[in-house]
Amino acid sequence: MRYITILLLAICILMPSTAWSGKYKLEHNAIATIELPKPVLSSDFSIEKVLSERRSVRSYTDEPVTLKEVSQLLWSAYGITYTREGLPDFIRGGFKTAPSAGARYPLEIYLVAGNVKGLLPGIYWYVPEGHVIHRLTDGDVRSDLMAACLSQKFAGDAPVSIVWSAVYERCTEKYGERGRERYVCMDLGHSAQNVYLQCGSLGLGTCAIGAFSDDALKKLIGMTEEEVPLYVMPVGRLPREHKK
Ligand SMILES: Cc1cc2nc3c(=O)[nH]c(=O)nc-3n(C[C@H](O)[C@H](O)[C@H](O)COP(=O)(O)O)c2cc1C
């Protein structure tokens with residue numbers, strides 16, 4: 001009887017983490033995994049200068065961006081900045097560069113790479129744990145991205161775009177409708193603003209895109225059923241007229 005009680009107790013303790021795993025860890029078939037260069041943690045650019053100069057930029061030069069820059073941008077969006085043993089599953093590896101209501105971290109981040117030095121064109125999925133990207137599909141799909149973004153030209157021109165989705169359930173299971181109506185998009189804004197500011201400090205240009213076809217973007221990226229596509233940020237080198 002004592003053993004049965006212990007067994008039942010163990011099952012009760014283990015049950016939630018098993019049930020959570022699908023929600024917190026997405027499954028994607030990856031062709032390859034690329035370890036990103038370590039992010040740089042200092043710069044000569046002050047936060048005040050970046051804030052005062054930040055603008056949405058919708059035209060870029062034809063030059064590629066580098067893998068180092070891509071690494072820095074993804075880290076700014078959702079990189080892990082603090083971790084320790086025993087954190088709950090929903091934190092997914094650690095606390096990140098962007099704040100998140102209840103540390104539920106509902107966001108997922110993808111990269112549409114077309115012209116990145118040191119990276120094959122394709123669609124990549126960023127995993128903050130380990131600071132890696134998984135290549136999900138090969139090929140330059142920037143014209144498809146532009147079509148999904150209601151033909152906004154700069155989405156097709158930019159050497160690279162960052163795409164956000166959210167798994168709302170990570171947030172709503174704790175906060176219900178308040179999580180759906182407020183917190184997920186607040187989290188998104190924090191992460192996206194980090195990218196705006198990181199672009200400023202790297203001398204790159206970007207512009208947030210909220211106008212796109214949900215179905216087309218979701219299909220293009222290969223998002224899972226539970227994800228909702230939320231934002232696209234094309235990134236490229238500043239043309240002469242934007243340089244200070
Ligand atoms: C939620 C959101 C959605 C946006 N969607 C688009 C978009 O689809 N296309 C676009 O060109 N700009 C888009 N923008 C950029 C705004 O047009 C831009 O931020 C605004 O004109 C202010 O300019 P600034 O960012 O240079 O200060 C979006 C901005 C936000 C915050």
Side-chain angles (χ1 to χ4, degrees), residues 45-62 65 69 72-74 76-78 96-101 104-115 123 126 141-168 171-172 177-221 223 227-244:
F45 233 94
S46 77
I47 188 75
E48 292 80 5
K49 188 169 161 62
V50 176
L51 284 167
S52 67
E53 291 180 358
R54 188 211 60 79
R55 277 285 69 78
S56 292
V57 179
R58 297 178 183 82
S59 60
Y60 318 104
T61 71
D62 291 337
V65 294
E69 287 166 330
Q72 197 69 30
L73 292 169
L74 292 172
S76 75
Y78 232 32
K96 301 182 174 63
T97 48
S100 173
R104 310 305 289 191
Y105 298 109
L107 307 176
E108 293 289 337
I109 296 177
Y110 298 89
L111 193 76
V112 175
N115 190 12
I123 295 174
Y126 177 54
V141 295
R142 287 180 292 170
S143 55
D144 300 317
L145 181 67
M146 183 177 100
C149 293
L150 314 181
S151 300
Q152 298 192 67
K153 189 174 173 298
F154 64 98
D157 294 341
V160 75
S161 285
I162 299 173
V163 178
W164 281 258
S165 73
V167 178
Y168 272 70
C171 196
T172 56
E177 276 313 289
R178 198 173 177 83
R180 180 176 309 284
E181 287 166 7
R182 299 187 183 205
Y183 296 162
V184 169
C185 277
M186 288 172 175
D187 277 29
L188 173 70
H190 289 297
S191 176
Q193 180 71 359
N194 284 358
V195 172
Y196 259 110
L197 299 180
Q198 183 69 79
C199 278
S201 146
L202 293 174
L204 299 170
T206 189
C207 174
I209 294 184
F212 51 78
S213 153
D214 290 5
D215 289 345
L217 185 61
K218 189 166 177 169
K219 193 160 170 236
L220 174 67
I221 299 294
M223 289 177 190
E227 294 173 81
V228 176
L230 289 178
Y231 232 179
V232 180
M233 284 177 72
V235 177
R237 298 212 171 279
L238 293 175
R240 191 182 291 273
E241 67 266 21
H242 280 282
K243 283 194 178 143
K244 294 272 172 334

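What's counted below: heavy atoms across the whole structure, side chains too, no hydrogens, waters or symmetry copies. Keep in mind that this is a model prediction, so the values were computed, not measured. Whatever order the structure lists them in is the order used to number ligands and atoms, beginning at 1. The first residue in the sequence is number 1, and the count goes up from there.
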Locate the shortest heavy-atom distance separating [X] from [Y]; write the atom from each residue and the value.
X: Ala192; Y: Tyr231; result: CB-CE1, 3.5 Å
X: Arg55; Y: Tyr196; result: O-CE2, 4.0 Å
X: Ala211; Y: Gln152; result: O-NE2, 3.1 Å

Select all protein residues for which some heavy-atom-to-ligand 1 distance is less than 4.0 Å, and list them by chain and number.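 Within the 4.0 Å shell of ligand 1, which is judged on heavy atoms, sit Arg54, Arg55, Ser56, Arg58, Gln152, Phe154, Cys207, Ala208, Ile209, Gly210, Ala211, Tyr231.
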Spell out, as yes or no, whether a donor-acceptor pair under 3.5 Å connects the side chain of Thr206 to the backbone of Pro234.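 Between the backbone of Pro234 and the side chain of Thr206 there is a qualifying donor-acceptor contact (under 3.5 Å).
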Donor-acceptor contact present, side-chain Asp187 to main-chain Tyr105, <3.5 Å: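 A pair under 3.5 Å: no.
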Contacts of Ser76 meeting side-chain hydrogen bond (donor to acceptor under 3.5 Å, both in side chains) (sequence neighbours excluded), chain-then-number -> none
